Amino acid sequence: MIKLTNIKKKYDLGGTEVEALKGVDLEINRGEFVTIMGPSGSGKSTLLHILGLLDVSSEGSFLLEGHPIDSLPDKELARIRNKHFGFIFQSFNLFPELNSLDNVIMPLMYSQVPRKDRKNLAIKLLTDVGLSHRIYHYPNMLSGGEQQRVAIARALANNPDVILADEPTGNLPSEKGSEIIEMLKELNRKGVTIIMVTHDNDLGRCGTRKISFTDGKLVSDESMVCC
Ligand code: ADP
Ligand code: ADP
């Protein structure tokens, strides 16, 4: 589904160049649950941003379903991103001025789902993550675990093929983190491809495949027996 070849990413910090990715080759197939591990600063988030079309590489080729994405106009990239990728972040990234329902409806604004059906779909998604009693709550009225569930419901709104998660349990107590991981595993069992950055060794073993980064390079790639 995704094929990266010799991907490099350089950041320009006012004259000083940082090479965050130094030539990454990576193929990800539909249905995998890939965990990405490695020390802080090793390029994990940069890779996740490139995979999710949130950022572009400086060099290298990126094929999505066999098609090069570098030749696509920004508008088409945004369309692909909204349709195929859902994102979950460590700090939840909900809109503070919107309640749970409106946070989940937000990504549907740009979708094919008819306006009249959006509210019911959002309620269903929130119910699926166990939040039917929190639909009209604002993020600051919710616990961290609940905010991350809203974020998952929002990530699922457009029925994505791939969920990209950057340390999704990093701000949660361990038992709440485990619930989030269980949700991701359940989604994976239903066929959603999951790509998750973590620096927690136990969580690194949760997927079907674990890749590790050191200093901008992919240094190991192992199959896992999903725990
Ligand atoms: P990780 O997720 O493994 O902690 P990152 O991908 O965030 O690593 O960062 C890799 C390197 O790129 C680091 O040296 C970091 O400082 C640098 N970097 C990341 N994002 C930016 C940015 N937006 N601008 C400049 N440098 C960045
Ligand atoms: P969780 O819901 O992840 O199990 P908690 O036990 O911390 O976590 O939260 C229980 C309830 O308390 C939540 O439903 C939430 O509505 C409420 N709550 C938690 N933290 C806050 C907060 N900072 N402000 C207001 N309400 C909160």
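As the structure lists them, so they are numbered: ligands from 1, and atoms in each ligand from 1. Values in this document were obtained by computation on a predicted structure and should not be read as measured data.
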closest protein heavy atom to atom 10 (C) of ligand 1 is G41 O, 3.4 Å

Note: ligand 1 atoms sitting under 4.0 Å from heavy atoms of A20 are 10 (C), 11 (C), 12 (O)

One should read off an interatomic distance between I7 CD1 and S61 OG, to the nearest 0.5 angstrom, of 6.5 Å

Q.
Counting only nitrogen or oxygen atoms and a 3.5 angstrom limit, does L13 reach ligand 1?
A. no

P39 heavy atoms within 4.0 Å reach ligand 1 at atoms 3 (O)

Using a 4.5 Å cut-off on heavy atoms from C-beta on, say whether the side chain of M109 contacts that of S111. no

(message) In the complex you have, is atom 16 (O) of ligand 1 within reach of the protein, judged by whether a heavy-atom distance drops under 4.0 Å?
(response) no

of all protein heavy atoms, closest to atom 19 (C) of ligand 1 is Y11 CE1, 3.4 Å

Side chains of M196 and L203: does their closest heavy-atom pair fall under 4.5 Å?
yes

Review point. Side chain of S143, backbone of E146: donor and acceptor closer than 3.5 Å?
Key: yes

Going by the 4.0 angstrom heavy-atom rule, the piece of T46 near ligand 1 is both

Of all protein heavy atoms, the one nearest atom 8 (O) of ligand 1 is G43 N, 3.1 Å

Note, V162 side chain near I195 side chain (heavy atom, < 4.5 Å): yes

Note to self: Would you say that V150 contacts V129 through its side chain, given a criterion of any heavy-atom pair below 4.5 Å between the two side chains?
What the structure shows: no

Smallest heavy-atom separation, L94 atom then R154 atom, equals CA-NH1, 3.8 Å

closest protein heavy atom to atom 3 (O) of ligand 1 is K44 NZ, 2.8 Å

What I want to check is whether the side chains of T5 and D25 have a donor and an acceptor closer together than 3.5 Å. no

Residue, atom and distance of the protein heavy atom nearest atom 14 (O) of ligand 1 read V18 CG1, 3.7 Å

The atoms of ligand 1 lying under 4.0 Å from a heavy atom of S42, numbered in the order shown, are 1 (P), 3 (O), 8 (O)

In this structure, atom 7 (O) of ligand 1 is nearest to the protein heavy atom S45 CB, 3.7 Å

